[in-house]
There are 2 protein chains.
Amino acid sequence: MAAALSLAERGVGRTGQNPSVGCIIVKDERVIGRGWTQPGGRPHAEAMALAQAGEAARGSKIYVTLEPCAHISQRGPACAQLLAEAEPARVVIALQDPDPRTAGSGIMLLKAAGIAVTTDVMVSEARKSLAGFISRMNRGRPFVTLKIASSLDGQIAMADGSSRWITGDVARAHSHVERARADAILVGAGTVRMDTPQLNVRIAGLDAYQPRKIMLGSADAPKGWEVIRTPQDIANLDCNTLLVEGGAATSAAFLRDGLVDRLVLYRAPILLGAGKACLNDIGLTQLQDAHGRWQLSDARSLGRDRFEDYEKAN
Amino acid sequence: MAAALSLAERGVGRTGQNPSVGCIIVKDERVIGRGWTQPGGRPHAEAMALAQAGEAARGSKIYVTLEPCAHISQRGPACAQLLAEAEPARVVIALQDPDPRTAGSGIMLLKAAGIAVTTDVMVSEARKSLAGFISRMNRGRPFVTLKIASSLDGQIAMADGSSRWITGDVARAHSHVERARADAILVGAGTVRMDTPQLNVRIAGLDAYQPRKIMLGSADAPKGWEVIRTPQDIANLDCNTLLVEGGAATSAAFLRDGLVDRLVLYRAPILLGAGKACLNDIGLTQLQDAHGRWQLSDARSLGRDRFEDYEKAN
């Protein structure tokens with residue numbers, strides 16, 4: 001299942017409204033099929049892996065990170081049906097599909113076909129892997145990551161607005177990988193006006209991972225950009241993962257509305273003093289209310305800079 | 001020498017104008033004497049260790065973290081003279097004394113007495129251990145550590161000034177150990193007025209490690225406090241190590257004057273948004289000038305909080 005989850009990572013940020021799923025087919029202790037959700041969402045991971053395995057899939061053991069879909073789509077056959085027809089000995093599933101069109105019926109279809117099914121394997125890892133899709137299904141909005149690149153004293157620019165460069169090459173490359181994993185990137189109208197950021201992924205080999213560009217605000221956006229008026233409007237973006245890259249007003253607006261699920265901080269070993277703070281008012285009235293909201297999940301050095309990853313505490 | 005350096009740590013913050021030195025006497029592979037500079041600066045480490053070893057010091061090997069003093073003092077005999085009279089086979093010295101009254105003459109006195117002398121052992125560790133004394137000797141001012149306890153976004157208080165508590169118990173205990181290692185603690189007049197901080201060491205077993213309390217400003221200070229008018233006046237404090245604990249104006253004033261040698265950051269996993277920033281203007285005019293000044297030397301978790309230790313880069 002760990003290998004299947006690893007395959008699923010290949011699709012994160014590129015599968016549109018589909019979840020990025022990984023699938024491995026094993027027979028006689030050999031891997032005979034590997035699949036992951038393809039760009040745009042099709043073929044599904046199971047279809048890709050089954051195509052590789054061919055007839056050999058009969059009697060095999062199939063690992064898949066999400067319950068195979070059971071609903072009929074115009075874009076292809078249901079994976080649960082495909083799996084049943086391949087007659088594996090067992091299907092091992094990490095998570096039940098939160099999509100109400102499947103939600104257990106994929107598992108039922110497999111069992112009805114006489115195939116042994118194991119569920120709830122590496123659930124927490126799978127939840128993390130599928131966080132975007134789960135968020136869209138259960139909460140009707142994408143999983144939101146807020147990125148802040150600042151000095152040690154929490155400033156994102158000098159008082160005159162200059163901010164090139166605060167963090168170094170390694171941290172910037174890391175932040176481009178975060179971009180590649182997002183379906184869409186959002187910045188505020190002020191940032192668009194000041195910086196006209198490209199928001200693209202500038203890493204060799206990841207050229208195909210270019211997220212949608214979203215502007216928060218009421219101004220006209222440059223060509224190729226989409227515009228939303230309020231943070232709540234992310235519900236209409238119909239995407240799984242959103243990366244918010246500031247500035248201070250936009251970041252604060254998302255925090256104020258409780259719409260940030262993960263916080264990634266890049267901090268350069270510099271002090272700026274009176275510059276531009278990373279956040280405006282986030283609507284906090286009492287200090288004690290600030291506690292218990294964030295939990296460190298990763299901390300490391302990236303070149304001279306520090307990286308920290310915080311998840312929502314509950 | 002590592003053991004001697006470890007003994008020297010016991011005196012840091014308690015030896016007044018004297019360096020905190022460690023001394024170990026070894027004979028036939030057994031430790032027969034251990035000493036460290038005593039509170040107030042006397043007895044010296046060598047005197048303490050020699051008193052333990054007694055006659056057995058003859059023919060021994062003596063490790064000391066700083067060149068033994070050679071100048072005559074009304075407070076006790078010169079250590080180089082004491083060592084020579086004990087007739088050890090060899091004296092191993094980490095650092096030459098930067099005090100111009102000794103500065104090599106302790107080593108010369110030992111050699112003239114026919115004792116073998118090894119110098120420059122674990123020099124960088126010894127420089128760190130004796131950073132305060134070296135700073136006072138070479139630069140005429142204490143080694144200055146700036147402590148900042150903030151939220152992830154660099155705020156040290158809510159907009160209304162409330163700041164109890166940002167960091168948790170473990171971080172606070174750690175910061176009290178930092179206090180115990182300081183000869184003096186300094187805060188600005190604004191902090192004194194707002195918080196009337198105790199600035200004492202509240203850790204069981206460290207009751208005797210209470211630093212002097214210094215206020216920066218022109219207001220009247222509470223009883224038991226000393227007052228200086230400008231950061232440059234720390235030269236008159238005649239102490240080895242100074243811990244600056246804010247607030248934003250005071251921290252910025254020390255940074256602006258280039259008087260901070262080490263930065264210790266305690267960061268709680270909280271966001272405050274528009275509160276009180278940890279620093280005022282530090283006199284930076286170009287972003288690029290901020291780079292290259294600080295180098296991470298330690299990073300770890302303290303309970304839920306993060307601790308980072310930065311040293312001046314050159």
Side-chain angles (χ1 to χ4, degrees), chain A residues 146 148 150-168 248-249 251-252 255-256 260 263 265 267-296 299-301 304-306 308 310-311 313, chain B residues 146 148 150-168 248-249 251-252 255-256 260 263 265 267-296 299-301 304-306 308 310-311 313:
Chain A
L146 172 62
I148 297 174
S150 76
S151 62
L152 295 178
D153 52 329
Q155 307 292 305
I156 53 173
M158 300 273 289
D160 67 6
S162 56
S163 62
R164 293 206 179 161
W165 294 103
I166 287 180
T167 51
S251 301
L255 287 163
R256 205 161 42 226
V260 178
L263 205 56
L265 306 181
R267 293 161 59 249
I270 64 173
L271 296 171
L272 293 184
K276 292 200 185 297
C278 60
L279 290 181
N280 288 3
D281 183 14
I282 59 171
L284 196 69
T285 53
Q286 289 192 80
L287 178 50
Q288 67 195 56
D289 297 339
H291 286 283
R293 298 191 181 192
W294 301 102
Q295 200 166 340
L296 186 73
R300 67 178 90 169
S301 288
R304 295 174 302 104
D305 303 321
R306 291 292 295 173
E308 289 175 352
Y310 289 88
E311 289 170 2
Chain B
L146 172 61
I148 297 175
S150 75
S151 62
L152 295 178
D153 52 329
Q155 307 292 305
I156 54 173
M158 300 274 286
D160 67 6
S162 57
S163 62
R164 291 204 181 161
W165 294 104
I166 286 181
T167 51
S251 301
L255 287 162
R256 205 161 42 227
V260 178
L263 205 56
L265 307 181
R267 293 161 58 249
I270 64 174
L271 296 171
L272 292 184
K276 291 196 186 300
C278 59
L279 291 180
N280 288 4
D281 183 14
I282 60 171
L284 195 69
T285 53
Q286 288 191 79
L287 179 51
Q288 67 195 55
D289 297 340
H291 286 283
R293 298 190 180 192
W294 302 102
Q295 200 166 340
L296 186 74
R300 66 177 90 167
S301 287
R304 293 174 304 103
D305 304 320
R306 291 292 295 174
E308 289 174 351
Y310 290 87
E311 290 170 3

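The chains referred to below are lettered A, B, ... by the order of the sequence lines, with proteins before strands, and numbering in each begins at 1.
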Under the rule for side chain to side chain donor-acceptor pair (under 3.5 Å), what residues qualify as partners of A:Gln295, not counting sequence neighbours?
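Partners of A:Gln295 under the side chain to side chain donor-acceptor pair (under 3.5 Å) test: none.
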
Please look at B:Ile148 and chain A and tell me whether the side chain, the backbone, both or neither of the residue comes under 4.5 angstrom of a heavy atom of that chain.
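No part of it gets close to chain A.
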
Any residues in residues 156-163 of chain B near chain A, with a heavy-atom distance under 4.5 Å, and which are they?
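From residues 156-163 of chain B, the residues near chain A are B:Met158, B:Ser162, B:Ser163.
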
Is it the side chain or the backbone of A:Leu287 that comes within 4.5 Å of chain B heavy atoms, both, or neither?
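Contact with chain B involves both backbone and side-chain atoms of A:Leu287.
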
Could you look at A:Arg306 and say if it's the side chain, the backbone, both or neither that has a heavy atom under 4.5 Å from chain B?
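Interface part for A:Arg306: side chain.
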
Roughly how far apart are B:Trp294 CH2 and A:Leu152 CG, rounded to 0.5 Å?
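Taking CH2 in B:Trp294 and CG in A:Leu152, the distance rounds to 9.5 Å.
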
Might you point out which heavy atoms bring B:His291 and A:Ile166 nearest each other, and give the distance in Å?
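Taking every non-hydrogen atom into account, CE1-O, 3.0 Å.
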
Taking A:Gln288, A:Arg304, A:Gln155, A:Arg267 one by one, which has the highest count of heavy-atom pairs under 4.5 Å against chain B?
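Going by pairs under 4.5 Å, I would pick A:Arg267.
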
Looking at residues at least two apart in the chain, or sitting in another chain, which of them share a salt bridge (Lys or Arg N to Asp or Glu O under 4.0 Å) with B:Arg293?
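B:Arg293 satisfies salt bridge (Lys or Arg N to Asp or Glu O under 4.0 Å) with no other residue.
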
In residues 270-286 of chain B, what donor-acceptor pairs under 3.5 Å come from side-chain atoms, sequence neighbours left out?
unit_1: B:Asp281; atom_1: OD1; unit_2: B:Gly283; atom_2: N; d: 2.9

